[in-house]
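All values reported here derive from a predicted model rather than from experimental measurement.
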Amino acid sequence: MSLHLYNTLTNKKELFKPIQEDYVRIYSCGQTIYDDVHVGNARTYSAWDILNRYLKWKGYDVFHIMNITDVGHLTDDADQGEDKVEKAAKKEKLEPMELVTRQILLFYKEIEKLNIDFADIYPRATGHMVEMIEAVKKILKHGYAYEKNGTIYFNVMKFEKDYGYPVLGGRKLEDLLAGEGGRVSEDELKEKNSHYDFALWIKADKGHMMKWPSPWGEGYPGWHLECSVMSTKYLGKVFDIHTGGIDHIFPHHPNERAQNITMNKTDEEPIKYWLHSDFITVNGEKMSKSKGNFYTIRELLEEYEPEAIRTLFASTHYRSQSDFSISSLEEAEKKLERLRNTIRKAKESKGGDKDNLLRAIENVKNEFEDAMDDDLNTPLALSKLIQFTGKINNNLDSKPNILDEAVITLEELAGILGIDLSEKREKSQDAAPYIDFILEIREKLRKEKLYSIADEIRDELQKKGLAIEDTEEGARWYIKGKT
RNA sequence: GCUGGGGUGACAGAGCGGCUAAUGUGACCGCCUGCAGAGCGGUUUUCCGAGGGUUCGAAUCCCUCCCCCAGCUCCA
């Protein structure tokens with residue numbers, strides 16, 4: 001089997017074939033950078049990280065762009081209301097760009113902690129104002145936009161007539177018509193030719209801070225525009241994969257696609273595969289700030305290991321809604337522990353002369369790849385790894401080189417899922433000689449059968465976060481869980 | 001209302017036409033251990049929302065119904 005991905009553009013799994021043989025160009029919708037990264041964001045980025053790693057493992061060169069929206073995302077609907085960045089900045093009495101800088105730095109740190117590979121470029125909307133204005137000009141010139149009082153709207157009806165409005169996720173334009181009905185304000189309707197039209201460039205109201213001069217007066221770009229402009233700039237008019245959250249199936253991505261087509265005037269489908277990851281719920285409810293059921297990565301990392309979070313993410317398929325709870329995270333911790341325990345045992349084993357593990361290594365590689373080829377079935381892939389740990393544990397008397405290979409395989413495959421199994425840099429390295437010393441004394445007590453004192457020592461060390469295991473060759477210890 | 005995705009053992013979560021329906025967790029019992037831990041073995045008696053249909057054969061396909069979630073407003 002070879003890699004198949006579920007394409008929201010066609011609503012089916014398709015064989016993945018990049019435009020260029022060994023080179024894959026990916027654009028990911030990143031985040032509007034006014035707030036901390038939460039589990040939901042992280043889950044999505046984790047999914048694309050796995051996609052990237054897997055493609056690389058398969059031998060492709062991957063060029064990955066993830067945008068950072070630092071202007072143009074409004075609190076109300078697409079075309080009115082306050083800019084989110086500006087609003088958040090005002091609240092904290094910061095310059096908008098000051099807030100953005102702070103949040104970006106935090107974003108990078110957390111992405112790194114979560115073992116999410118950095119994208120090759122993180123372009124920012126504010127850095128592409130010139131290109132965005134040029135894009136609006138092009139779309140106007142090509143006849144798919146019109147101006148009303150300094151605001152430029154995209155003409156969806158005309159686009160629909162000429163190209164067919166993108167049907168992402170099985171939706172049709174008519175479906176969106178009244179919808180749940182008139183959330184569109186009177187003012188807006190007055191200006192727009194059609195209810196579906198969206199703004200490319202928005203005239204700045206008085207007091208709007210984030211604005212730029214343009215041929216149509218001072219204004220700022222519409223939300224969708226940056227993605228079209230930046231993807232075209234860095235990836236070209238036609239590229240392979242576009243990712244994003246399920247919420248972008250409408251309206252962001254169809255609009256973005258319409259812009260790509262009309263500004264670049266391509267007859268070819270500009271983006272071959274659209275991938276969307278589903279949302280996370282918290283204890284069965286949609287995660288939202290108003291409900292207070294919001295987990296930021298920052299707070300989770302205070303108590304849990306990033307590897308546990310990645311294990312949790314890998315435990316559900318990216319296109320399934322997954323319910324986040326502390327107990328699910330703790331369950332993921334246990335899976336992680338199992339993986340680590342096996343590696344520890346294998347590394348400590350002296351080995352023997354068996355070689356039937358060889359076949360298990362071959363099998364797990366194949367099974368893992370089959371699972372991943374099927375639209376990145378990470379839960380299945382992970383279960384194969386866990387099955388493999390059983391095989392290793394049953395064959396700790398294998399030839400040392402085979403044991404080594406088993407460990408390398410396990411680490412490599414888990415790594416594709418973003419789960420780093422390499423040994424932790426032990427924080428208490430300095431304490432190691434003392435711990436060893438204490439355990440030597442404890443060993444003497446055990447030989448004297450002074451078990452109550454020995455057990456007391458063990459309990460105390462365990463309370464401090466160490467795992468103590470007695471073996472024939474004496475006690476072993478390691479740092480358990482979060483260091 | 002419309003659109004999409006779902007309902008699988010105590011729980012999480014694969015499977016989507018055909019071996020006794022993965023895997024993990026939990027519970028229980030063994031092995032190991034001074035006791036634990038980790039690990040290993042076993043058990044958890046017929047888990048596929050309901051009802052029809054197609055088929056030699058369905059959790060898997062079709063129809064009807066019930067229920068859940070999300071989207072249709074900014075959102076990963």
Quiz item: In whole angstroms, how far is the C1' atom of B/G34 from the CZ atom of A/R442?
Solution: 11 Å

Exercise. Rounded to whole angstrom, note down the C1' distance from B/G6 over to B/G53.
Key: 23 Å

Quiz item: What interatomic distance, in whole Å, is found between P of B/U64 and the corresponding atom of B/A27?
Solution: 45 Å

Quiz item: At under 4.0 Å, does any side-chain N or O of A/N395 touch on OP1 or OP2 of B/C40?
Solution: no

Self-check item: Earlier contact from the 5' end, RNA chain B, for A/E469 and A/G390
Solution: A/E469

Quiz item: Which base sits across from B/C11 as a Watson-Crick or G-U pair, both distances under 3.5 Å?
Solution: B/G24

Practice problem: Given side chain to side chain contact (heavy atoms under 4.5 Å, CB included), test A/D117 with A/R53 step by step and report yes or no. | Solution: CA-CA 8 Å; A/D117 275 351; A/R53 288 171 185 267; 3.3 Å; yes

Quiz item: Can a donor-acceptor pair be found between the side chains of A/T69 and A/N67 at a distance below 3.5 Å?
Solution: yes

Quiz item: If we call it a pair only when both distances are under 3.5 Å in a Watson-Crick or G-U wobble match, what pairs with B/C40?
Solution: B/G30

Practice problem: Rounded to whole angstrom, note down the P distance from B/C74 over to B/A12. | Solution: 33 Å

Quiz item: Is there a Watson-Crick or G-U wobble partner for B/A70 with both distances under 3.5 Å, and if so, which one is it?
Solution: B/U3

Quiz prompt | Donor + acceptor pair across side chains of A/R344, A/N341 (<3.5 Å) | solution = yes

Quiz item: Is it true that a side-chain atom of A/R25 and a backbone atom of A/L235 form a donor plus acceptor pair closer than 3.5 Å?
Solution: yes

Quiz item: Using a cut-off of 4.0 Å between protein heavy atoms and nucleotide atoms, how would you tag nucleotides 17-33 of chain B 5' to 3' with B, S and -?
Solution: -----BSBS--------

Quiz item: With rounding to whole Å, what would you report as the distance between B/C47 and B/U60 at their C1' atoms?
Solution: 15 Å

Quiz item: Is the aromatic ring centre of A/Y451 closer than 5.5 Å to the centre of the six-membered base ring of B/G34, with the two planes inclined by less than 30°?
Solution: yes

Exercise. Check whether any side-chain nitrogen or oxygen of A/N394 sits under 4.0 Å from OP1 or OP2 of B/G41, and answer yes or no.
Key: yes

Quiz prompt | B/G9 versus B/C48 - spacing of their C1' atoms, nearest Å | solution = 10 Å

Exercise. Output yes when A/D374 and A/K13 qualify as a salt bridge under the 4.0 Å nitrogen-oxygen rule, no when they do not.
Key: yes

Quiz item: How about A/F118 and A/M66: do any of their side-chain heavy atoms sit closer than 4.5 Å?
Solution: no

Practice problem: For nucleotides B/G49 and B/C68, find the distance between their P atoms and express it as a whole number of Å. | Solution: 16 Å

Quiz item: Could you give the CG-to-P distance, from A/N11 to B/G5, as a whole number of Å?
Solution: 7 Å

Self-check item: Heavy-atom donor-acceptor pair, A/D455 side-chain to B/G34 base, under 3.5 Å
Solution: yes

Exercise. Specify the separation, in whole Å, of atom NZ of A/K463 and atom P of B/A36.
Key: 19 Å

Exercise. Evaluate whether atom CD of A/E299 has more than 12 neighbouring non-hydrogen atoms of other residues, nucleotides or ligands under 6.0 angstrom away.
Key: yes

Exercise. Would you please say whether a donor-acceptor pair under 3.5 Å links the side chains of A/E86 and A/Y34?
Key: no

Practice problem: Using the P atoms only, state how far B/C61 lies from B/G5, rounded to an integer number of Å. | Solution: 12 Å

Quiz item: If you measure from the C1' atom in B/U46 to the same atom in B/G41, how many Å do you get, rounded?
Solution: 24 Å

Quiz item: When the distance from NZ of A/K345 to C1' of B/G37 is rounded to whole Å, what number comes out?
Solution: 9 Å

Quiz item: Should B/U45 form a Watson-Crick or G-U wobble pair with both distances under 3.5 Å, which nucleotide is its partner?
Solution: none

Quiz item: A/R458 has a side chain; which of B/A76, B/C35, B/C74 sits nearest to it?
Solution: B/C35

